[in-house]
There are 2 protein chains.
Amino acid sequence: MTTLMLMRPLFHPSIEGITVEGILHALSDPVRVAIYTDIVAQQCSQNCSTFLTVSDKTIPKSTLSQHFRALREAGLIRGEWHGVEMHNTSRCAEIEQRFPGLIRAIVNAHAIQSAGEARAKKPVARRPTKRAAANK
Amino acid sequence: MTTLMLMRPLFHPSIEGITVEGILHALSDPVRVAIYTDIVAQQCSQNCSTFLTVSDKTIPKSTLSQHFRALREAGLIRGEWHGVEMHNTSRCAEIEQRFPGLIRAIVNAHAIQSAGEARAKKPVARRPTKRAAANK
DNA sequence: TTCAATAGTTCGGGAATATAGAACTATTGA
DNA sequence: TCAATAGTTCTATATTCCCGAACTATTGAA
């Protein structure tokens, strides 16, 4: 006799149930924030398997599933089944109502950081210093 | 022969070393965000023992010490020894330069949430509904 | 100088949380 | 009916968090 695995329904918090701590915790993970900013950027919904690799790193799908759950239960995204696949949309309009400016500030800060990292990684995009030119 | 405990110097990240993830993670804890908002509110510095109780809950001082370290190493506060006690000041001006609007949005969101919780807890501050009045 | 008091840190182990492989569910299309 | 696909749940391991106990470091008083 084997214990059965049941597929429980998705949980989404109400607007009042959404907390700042929950949002910050959910977005304090690099994989989750990458997923979330992508979902926000594409107004259209994004499904799980779009993110099997995040910034050149392969994410196991069980881990991905947990990340999506974390985002969902923090109230950041809404997921709904369309046949065998899930459609995810951001709830940023609702959150904007409860916590004005919060999501925008976080997404913006993340963009600034990513831009900085990209600049640091690709020195070709930078005007080389005299010293660097001499070392070449 | 006992292994000795050494008191290593405080670490503070440089501005470039501060990350969004780090900030969000540090502020995703209710105790830490309470400490931080207090330090931001009082421009003057706050020492550890001010926070032995946070929202009617006693926090052990070892735990508090860890929380202060987390805030420090996320780049949110700067701590410096003044004799036997530590003075903590917020680094929000620096962070504002790197991630404009981020801290303000988070502190503001937290204030909104706290106000909502306070309203929910003290029904006297709310105009009672007819139904509530009838049940009285 | 010595010692007690004070403020905070570090250590260690138990609790909670995160990661990821394997097995599973549920839907679709052939 | 069945294989393929998309995602979830289970489980074991790894990491992180919490807090009591022991410790460091400074100050002020005897």
Side-chain angles (χ1 to χ4, degrees), chain A residues 1-12 19 21-22 24-35 39 45-55 57-74 77-89, chain B residues 1-12 19 21-22 24-35 39 45-55 57-74 77-89:
Chain A
M1 178 210 170
T2 56
T3 56
L4 86 163
M5 254 184 190
L6 95 139
M7 210 85 152
R8 34 199 117 133
L10 304 177
F11 171 72
H12 295 95
T19 65
E21 293 94 324
L24 298 195
H25 177 253
L27 296 181
S28 70
D29 179 274
V31 173
R32 282 195 296 263
V33 82
I35 293 170
I39 292 176
S45 52
Q46 293 279 67
N47 65 348
C48 240
S49 51
T50 314
F51 301 97
L52 285 171
T53 71
V54 170
S55 57
K57 227 190 113 218
T58 303
I59 313 290
K61 64 177 185 167
S62 64
T63 306
L64 261 187
S65 177
Q66 302 281 59
H67 283 319
F68 273 87
R69 186 155 83 100
L71 290 170
R72 235 175 14 240
E73 302 195 343
I77 64 176
R78 187 178 295 284
E80 47 183 331
W81 288 106
H82 274 248
V84 75
E85 70 185 26
M86 181 127 70
H87 283 208
N88 296 290
T89 49
Chain B
M1 176 210 171
T2 56
T3 56
L4 86 162
M5 254 182 190
L6 95 139
M7 210 85 151
R8 32 200 119 131
L10 304 179
F11 170 73
H12 294 96
T19 66
E21 294 94 325
L24 298 195
H25 177 253
L27 296 181
S28 70
D29 179 274
V31 173
R32 282 195 295 262
V33 82
I35 292 171
I39 291 176
S45 53
Q46 292 278 68
N47 64 348
C48 239
S49 51
T50 314
F51 301 97
L52 285 171
T53 71
V54 170
S55 60
K57 229 191 111 218
T58 303
I59 314 290
K61 65 177 186 168
S62 63
T63 305
L64 261 187
S65 177
Q66 303 279 57
H67 283 319
F68 273 87
R69 186 153 83 101
L71 290 170
R72 236 179 8 244
E73 301 195 344
I77 64 174
R78 188 178 295 283
E80 47 185 330
W81 288 107
H82 275 249
V84 76
E85 70 186 26
M86 181 127 70
H87 283 207
N88 296 290
T89 50

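Chain letters run A, B, ... following the sequence lines, proteins first, then strands; residues in each count from 1.
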Practice task
Both distances under 3.5 Å, Watson-Crick or G-U wobble: report the partner of C/dT28, or none.
Solution key: D/dA3

Handout entry: Nearest-Å distance for atom pair CG/C1', residues B/L64 and C/dT10
Key = 15 Å

Exercise for the section: Could you tell me whether the phosphate oxygens of D/dC18, OP1 or OP2, come under 4.0 Å of any side-chain nitrogen or oxygen in B/R69? Expected result: no

Exercise for the section: Just say parallel, tilted or perpendicular for the rings of B/F51 and B/F68, cut-offs at 30° and 60°. Expected result: tilted

Problem - Distance, rounded to the nearest Å, where B/E80 contributes CD and C/dT9 contributes P - result: 14 Å

Handout entry: Steps toward side chain to side chain contact (heavy atoms under 4.5 Å, CB included) verdict (B/H25, B/R32)
Key = CA-CA 10 Å; B/H25 177 253; B/R32 282 195 295 262; 4.1 Å; yes

Handout entry: Rounded interatomic separation in angstrom, taking CD1 from B/I59 and C1' from D/dG20
Key = 15 Å

Exercise for the section: May I ask you to evaluate whether B/R72 reaches the phosphate of C/dG8, defined as a side-chain N or O under 4.0 Å from OP1 or OP2? Expected result: no

Problem - Whichever of B/K61 and A/K61 has its nearest DNA chain D nucleotide further upstream toward 5' - result: A/K61

Exercise for the section: Just compare C/dA18, C/dC11, D/dG7 and give me whichever is closest to any side-chain atom of A/S65. Expected result: D/dG7

Exercise for the section: Tell me whether the OP1 or OP2 atom of C/dC11 has a side-chain N or O from B/R8 closer than 4.0 Å. Expected result: yes

Exercise for the section: Kindly say if B/H25 contacts the phosphate of C/dT17, meaning a side-chain N or O under 4.0 Å from OP1 or OP2. Expected result: no

Practice task
Consider the side chain of B/M7, meaning its heavy atoms from C-beta on, and name the nucleotide among C/dT9, C/dA20, D/dC19 that approaches it most closely.
Solution key: C/dT9

Completion exercise
Per nearest nucleotide of DNA chain C, the residue lying toward the 5' end, A/P60 or B/V84, is B/V84

Problem - d(CG, A/N47; C1', D/dG7) in whole Å - result: 10 Å

Exercise for the section: In whole angstrom, give the distance that lies between atom NE2 of B/H82 and atom P of D/dG28. Expected result: 14 Å

Practice task
Provide, to the nearest angstrom, the distance between the CZ atom belonging to B/F11 and the P atom belonging to C/dT9.
Solution key: 16 Å

Practice task
Whole angstrom is fine here: how far is it from CZ in B/F68 over to P in C/dT9?
Solution key: 8 Å

Exercise for the section: Not counting sequence neighbours, which residues clear side chain to side chain donor-acceptor pair (under 3.5 Å) with B/T63? List them please. Expected result: none

Problem - A/M5 side chain, from C-beta outward: closest of C/dT6, D/dT9, D/dA6 - result: D/dT9

Exercise for the section: Evaluate side chain to side chain contact (heavy atoms under 4.5 Å, CB included) for A/E80 paired with A/H82, printing each intermediate quantity in order. Expected result: CA-CA 6 Å; A/E80 47 183 331; A/H82 274 248; 4.3 Å; yes

Exercise for the section: Begin with the C-alpha distance, continue with both residues' side-chain angles, and end with the deciding distance and a verdict on side chain to side chain contact (heavy atoms under 4.5 Å, CB included) for A/N47 and A/M86. Expected result: CA-CA 6 Å; A/N47 65 348; A/M86 181 127 70; 5.6 Å; no

Fill in the blank from the handout: Checking D/dC19, D/dT8, C/dG8 against the side chain of B/M86 (C-beta onward), the nearest is C/dG8

Exercise for the section: Measure from CZ on B/F51 to C1' on C/dA7 and round the result to the nearest Å. Expected result: 15 Å

Exercise for the section: Check the pair A/L27 / A/L71 against side chain to side chain contact (heavy atoms under 4.5 Å, CB included), numbers first and verdict last. Expected result: CA-CA 8 Å; A/L27 296 181; A/L71 290 170; 4.2 Å; yes

Exercise for the section: For B/T63 and for B/L6, locate the closest nucleotide of DNA chain D by heavy-atom distance; then report the residue assigned to the nucleotide nearer the 5' terminus. Expected result: B/T63

Exercise for the section: With heavy atoms under 4.0 Å as the rule, sort A/H67 into base, sugar-phosphate or nothing. Expected result: sugar-phosphate

Practice task
Mark yes or no for a side-chain to base donor-acceptor pair under 3.5 Å between B/S62 and D/dG20, with no hydrogen or angle criteria applied.
Solution key: yes

